[in-house]
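One structure below.
So that the names make sense, note that chain A is the first sequence line, chain B the second, and so on, each numbered from 1.
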Amino acid sequence: MEVLPTCMDVEHSRVYIDQLYSNDSQKCFQAVSELKFAVIGSVREKGSIIEQGVVVRLLQILRAPELDILLKTEVATVLNSLAKGLPEHAAALVQAGLLPVLWEQLESCPSGGSGSAYTQMLLCCLRSIYRQGCAPPPPAWDQKLLSSLIQHGYHPPSNQECVANILAHACKTNEQQQQLVDAGGADLVACLLCSPVSRVQLPALHCLTAMCFNNERVSSIIATKSYGGKAVPDLLVGLMARDRPRDMQLAAATALTFLHRAGALSADDPRIIYKTLQCLVRMCRRDREVWERVEAANTLAYLTEVSTDLQRTAAMTDHLIHTMNDYLKDTTPPNASVPQGISVSPVSCRQYDNPSTWPELMVGAALKVYASLGANDEDIRQRVIKTDVLMNTIVTSLSAASPPVQLAAVRCLHSLSRSVHTLRTTLQDHVVWRPLMTVLKTSNNEELVTVSSSTLCNLLLEFSPSKEQILDQGAVEFLCGLTRRPHPGLRLNAVWALMNMAFQAEHRVKVSILHHLGTDQIFRLLSDTDVHILMKTLGLLRNLLSTKGHIDQIMQCHGKEIMQAIILILEGEHSAEVKEQALCILANIADGDIAKSAIMSNEDVLKKLMNYMVIPNVKLQIAATFCISNLIWNVEEGAAERQNKLREMGVYKLLQNLMTTTDTGLFDKVKTALQQFH
Amino acid sequence: MDSDISEMSLGQEFMRTNVDSDTDQSGTNEGVKAMETSEWLEETNKMHIHRADMNKLIMNYLVMEGFKEAAEKFSIEANIKPPMDLDQLDERIRIRTAIQNGQFQEAMRMVTALHPEILDDNSQLYFHLQQQVLIELIREGRVEEAVVYAQDHLAERGQRDPSILNELERTLALLAFDQPDTSPFGDLLHPSHRQKQVASELNAAILRAQNQEETTPLLAELLKLLLWAQDELNKKKVQYPYMTDLIKGQIEERK
């Protein structure tokens, strides 16, 4: 029969808290011990203690050099427990200045003997804070501190676990990844992966993934590290085996995925295509837990995002396409939670806190997988699109879901829209462009708008039946507006979309484009630093200036500016590819009945054309010759005068000289031109 | 091993239930017949298990469960080295003893003194310990103290975790009965509940905190594997010689 301590007695608790401030180290120690027993396991107590401002006193004790190390260890134990409370508690500790004190104490504490217990507690405390994700990322780490931290990570296992966790949660920027590797982090991680203790291996895996993510240099260094005669990638494969705990399998697969995506392991490396991929697909099965399925699917989507081989292999592995379909229909049972003791990656651990968001997480993950699988291969696309409920899910997610799921939906749609067949069929049945336009017009998320505009671009291709309806929605004006955005990806997509829109379009559409865009903006786009934008703008002009009637009408209104723009390009420092486009536009202008005069009256341009005819670049020669050919075309009115003028300038002679060319394409063009001359 | 197997508990009760369900399935089986019993037994006898392995299993069991003296003696008699310094067992033995004597508060303080992170990191375990305190109070009829204890320590936990709330409600429901041990929740008061659940849970948590990879005796895992294998064969309606009593090793023909 135990006597219960009445520790909830207010007077009692006040007594031991008062004693904390005592100068008598015995009494102080007693008080700290009582405090320890009170806060461990009780979230409410932790909150109460923090509110009472006790943390300041605790930090004071840590900093006092004269105080006994056993007392300090006890204080560190209390702080560790406080840090394990709610995120607010950890944040409060950080606010009170806990971190610098801990680092300082870690540096100064003696090694061996009683010092080691203190070190251990300090490391635990740091680890608990970092795991809560509330430590502010420093711009750069203190090199000395980092080195000593890494040294602690070699022994014993409890310190190893702490150090690995600290680094896993703290390593966020490219610079930090770099510093960590330079300070010996990769060697440490390789060593930890071989530890017999799984509690050490798992945070080591998280640390590795944090280091490799999106970092080519670090990844290539890590991929070549080895420990105990085994290279790190092989160690990772071992940790992915089926007899390992699930969180470990997942972490190892993620590490290998990141190594591949950062270029350290190729797509055809058997460890990637025959091990990592399968492990991830396996973890997506229906009988697995939600957190597992979501993490695995997200990682799988990232793994297969680029390589067509991986996409093809994944698409035929274990009914993956069908499995993803289940994700779209999943409902989470009530009272669900992530099992205790499971360690999800530092990046995504918080997102499973609220089970009501799980169905949405599943949908987002599945859409991302579909987006990756269908990115390049038409067969896979067709299989994906046949999936039950997919299109409905996409349409709903575009309008109703949270931004991450919206983005997943747009990515999926984007992949599907690369299929002409799909554009003409499924994407019609499911009026996707409407919610897409809404997203474009209302979203502030740059990534979302960029991918949406890419998708819209595809929807606007000539053979897309929804083109008319999109135009009616004010798409032209909107896209012209997008061309003014600072983000180059957006500008490019916008111009590309306009280019597609102008292709074989009606006159009114072309007029609308020119009206909303304005020649000023065209000039600006032609001076864009991004050459792709430049090319697409020229493409746009070329599409606008097609069909005789349109050419004449457009040149009538905007001829002067257009000629200026073309001369700007021809005179500027540009690649041959760019100049070829400009010449093609000239050739189109030369096709217009009235528009011809714009060229004929401009001696400078004619001289340039002649120069391009003899320049040692066949493509440019062909373009120039084609232009001349159009100018002198026999059938048209005024041909005789034009031919005389050009003959006077020496064009006829040039053409004759070009007859000796070995290039058949050029030869044909030259021959055709010569035949026009009387 | 998969997580489903670890759900199966090991104790006399479970095995008896298993045997009962055996009779339910008579008469409907048209499954594959593995082989004749005599042949089966012959094949089984051909299996050779090294004595050294057997000894290791036994040592593992003794060490895991904290039978220090037995482990020391066995180490001498079987001439086998213990897997760790046996003095390390002392703390687990002390704590297990405290629990067996119903001194849960004492056990919690001991654990905290030795491994301060355990109770913070294992809230389910902590709840079960506190639940035991509550149960003891109820059993002794100290109703008012029980209610205060529940309010002070357990309420906040129940708020945060819905699965704990269920258990908590069941426990508090005992207060509604004059004779709680005959109530529908009377099972909570069985001493075996104390033994099985809390002691093992705590023991496992301490082993984990000591960075031991295994937290249950390998013998237990072996028996679970046997039960699982029999279960799988039953599901597929295979006829084979079935071990009905794990303790006695009795085998019967499944019909």
Side-chain angles (χ1 to χ4, degrees), chain A residues 1-9 33-34 36-47 73-74 76-78 80-86 120-121 124-125 127-128 156-158 160-162 195-201 242-243 245-246 287-289 334-337 339-342 355, chain B residues 1-4 98 101-113 115-127 129-130 132-134 136-137 139-140 142 145-146 148-149 151-157 159-166 204-205 208-215:
Chain A
M1 225 136 308
E2 285 190 299
V3 177
L4 281 183
T6 51
C7 54
M8 280 315 104
D9 199 316
S33 274
E34 279 310 307
K36 180 179 78 176
F37 288 120
V39 300
I40 286 183
S42 168
V43 172
R44 198 179 55 182
E45 274 307 294
K46 294 185 220 275
T73 310
E74 200 76 344
T77 311
V78 171
N80 182 29
S81 180
L82 292 176
K84 284 178 190 254
L86 300 175
Q120 198 169 24
M121 242 336 140
C124 283
C125 208
R127 176 259 277 137
S128 302
S158 9
Q160 289 181 314
E161 179 260 308
C162 289
S195 162
V197 183
S198 55
R199 248 171 40 135
V200 171
Q201 290 172 314
R242 289 195 211 203
D243 61 343
R246 303 223 176 263
D287 57 354
R288 301 282 104 233
E289 305 236 11
N335 289 337
S337 59
Q340 206 172 39
I342 294 287
Chain B
M1 242 181 268
D2 255 338
S3 55
D4 0 320
N101 295 338
Q103 294 167 319
F104 300 101
Q105 298 266 31
E106 184 55 31
M108 287 193 265
R109 278 184 96 93
M110 280 198 276
V111 159
T112 300
H115 298 285
E117 297 199 292
I118 286 187
L119 294 180
D120 265 323
D121 292 341
N122 296 283
S123 60
Q124 282 266 354
L125 169 61
Y126 198 20
F127 168 71
L129 285 163
Q130 290 176 320
Q132 288 305 319
V133 175
L134 190 57
E136 288 306 305
L137 288 171
R139 195 206 300 278
E140 289 160 19
R142 290 152 77 180
E145 283 180 70
V148 169
Y149 186 79
Q151 274 177 328
D152 288 342
H153 290 93
L154 290 156
E156 55 155 324
R157 212 177 284 285
Q159 266 181 324
R160 222 183 324 278
D161 193 342
S163 57
I164 280 178
L165 190 60
N166 210 7
R208 260 197 309 271
Q210 291 175 332
N211 293 319
Q212 297 295 324
E213 281 302 285
E214 287 130 20
T215 53

Candidate pair B:Arg109 and A:Glu34, rule salt bridge (charged side-chain N to carboxylate O under 4.0 Å, His left out), full reasoning: CA-CA 10 Å; B:Arg109 278 184 96 93; A:Glu34 279 310 307; 3.1 Å; yes

Candidate pair A:Ser42 and B:His153, rule side-chain contact (heavy atoms from CB on, under 4.5 Å), full reasoning: CA-CA 8 Å; A:Ser42 168; B:His153 290 93; over 6 Å; no

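For chain B, the nearby part of A:Pro196 is the backbone; its heavy atoms alone come within less than 4.5 Å. For a residue to count as touching a neighbouring chain, one of its non-hydrogen atoms must lie under 4.5 Å from one of that chain's; by this rule B:Arg208 touches chain A with the backbone only. Heavy-atom distances place both the backbone and the side chain of B:Gln124 under 4.5 Å from chain A. For B:Gln151, the part sitting under 4.5 Å from any heavy atom of chain A is the backbone (N, CA, C, O) and nothing else. Proximity to chain B is limited to the side chain of A:Thr77, based on heavy atoms less than 4.5 angstrom apart. Proximity to chain A is absent for every atom of B:Asn166, based on heavy atoms less than 4.5 angstrom apart.
Of the possible polar contacts, one joining the B:Asp120 side chain to the A:Gly41 backbone as a donor-acceptor pair under 3.5 Å is found.
Among B:Asn122, B:Leu119, B:Ile118, B:Thr112, the residue making the largest number of heavy-atom pairs under 4.5 Å with chain A is B:Thr112. When each of A:Lys36, A:Glu74, A:Lys84 is scored by its heavy-atom pairs under 4.5 Å with chain B, the top score falls to A:Lys84.
Counting heavy atoms from C-beta on, the side chains of B:Pro116 and A:Met121 come closer than 4.5 Å.
Atom OG of A:Ser128 and atom CD of B:Glu117 lie 5.5 Å apart (nearest 0.5 Å).
Checked for salt-bridge contact, A:Arg199 and B:Glu213 miss the test: no charged N lies under 4.0 Å from a carboxylate O.
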